[in-house]
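Because the structure is a prediction, the values reported are computed rather than measured. Heavy-atom basis, side chains included; hydrogens, waters and symmetry copies ignored.
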Amino acid sequence: SQSCQVANGVGQVSTSNISVTITCTAQLPRFAYAMNYGDNTVSVFRVNASTGQLLNAGYALEPTGVSFPSSITVDPSGSYAFVGNNAGTNTLAVYKVNQNTGALTSQSSTVSGTYVTFDLSGKNAYVLSFSGISIYPFSSSTGLGTPTSLPFVSSPAITVTPNGQCLYALTTTTAPY
C-alpha cells in the first residue's frame with residue numbers, strides 16, 4: 001500500500017493556475033509469512049520498515065487446522081490470512097491477523113478453495129477452487145461475504161490486473177472461454 005500526503009491543497013480557487021503537490025511513499029507490510037509444508041505450520045517474520053529485513057518472530061500458526069499448507073495470502077489491509085490446504089480437501093482456512101505480533105487466530109471457518117488473491121482496492125477476493133473461481137466481496141472488519149461463481153473451468157492459477165478490470169485464469173483445456 002501507499003501513504004499519500006497532499007500539500008498546498010487548501011484554499012479557494014481564484015485562478016485557473018493551481019499548484020497542488022501530492023507525495024506518495026510505499027509502505028512495507030509489517031509481517032511476512034512462510035509455509036512449512038513438512039510440519040503443517042506457518043512461520044511469521046517481522047519486516048524492518050526502514051531496511052525490509054526479515055526478523056524471525058516464531059510460528060504464526062501451530063499445526064491446527066492446516067494440512068500441508070500450499071498457499072498463504074494476507075488481504076491488502078493486513079487483517080485476515082487465508083491458508084490453502086494441500087491434503088486434497090480443497091479448503092482455505094481463515095485466520096485473523098494479530099496486528100501486534102502477526103500471530104494467526106483461527107476464525108473457525110473454511111472456504112472452498114485452494115488459493116485467493118485480491119484486487120488492489122481490497123474489496124474483492126478471487127478464490128480458486130477445484131471446481132472453478134468465485135468472487136467474494138471483502139471487508140477488513142467482517143471478512144468474506146457471499147460469493148458469486150464465475151463460469152470458468154477449473155484453473156491452476158489466477159491473477160487480477162492492478163486496476164481490477166481483468167481476471168486472468170490459466171486453463172488446462174483448449175476450448176475457448
Minimum heavy-atom separation for Val47 and Ala32, please, with both atom names.
CG2-N, 4.0 Å

Show, in sequence, the C-alpha distance, side-chain angles and deciding distance for Tyr95 and Gln107, and conclude whether the side-chain contact (heavy atoms from CB on, under 4.5 Å) test is met.
CA-CA 5 Å; Tyr95 298 90; Gln107 297 302 287; 5.5 Å; no

Quick check for you: to the nearest 0.5 Å, what is the distance between Thr114 atom OG1 and Leu128 atom CG?
4.0 Å

Is the shortest side-chain heavy-atom distance between Pro69 and Asn40 below 4.5 Å?
yes

Here the gap from Thr105 atom OG1 to Lys96 atom NZ, rounded to the nearest 0.5 Å, amounts to 9.5 Å

If you round to the nearest 0.5 Å, how far is CG of Asn85 from OG1 of Thr91?
4.0 Å

Please write out which residues are connected to Phe138 in a hydrophobic cluster, directly or through intermediates, given that two of Ile, Leu, Val, Met, Phe, Trp, Tyr count as joined at side-chain heavy-atom separations below 4.5 angstrom.
Tyr80, Phe82, Leu92, Val94, Val111, Val116, Phe118, Val127, Tyr136, Leu144

Quick one: pull up NZ in Lys123 and OG in Ser77 and give me the separation to the nearest 0.5 Å.
12.5 Å

Is there a side-chain contact between Ile72 and Tyr115 in this structure, where contact means two heavy atoms from C-beta onward sitting under 4.5 Å apart?
no

Taking only residues at least two apart or on different chains, which pairs with a member in residues 34-58 satisfy ring-ring contact (aromatic ring centres under 6.0 Å, His included)?
Tyr37-Phe68

Separation of Thr41 OG1 from Asn36 CG (nearest 0.5 Å):
3.5 Å

When rounded to the nearest 0.5 angstrom, what is the spacing between CG in Asn98 and OG in Ser79?
11.5 Å

Looking at Gly78 and Val97, what are the two nearest heavy atoms and their distance?
O-CB, 3.3 Å

Can you find a heavy atom in the side chain of Leu104 that is under 4.5 Å from one in the side chain of Tyr33?
yes

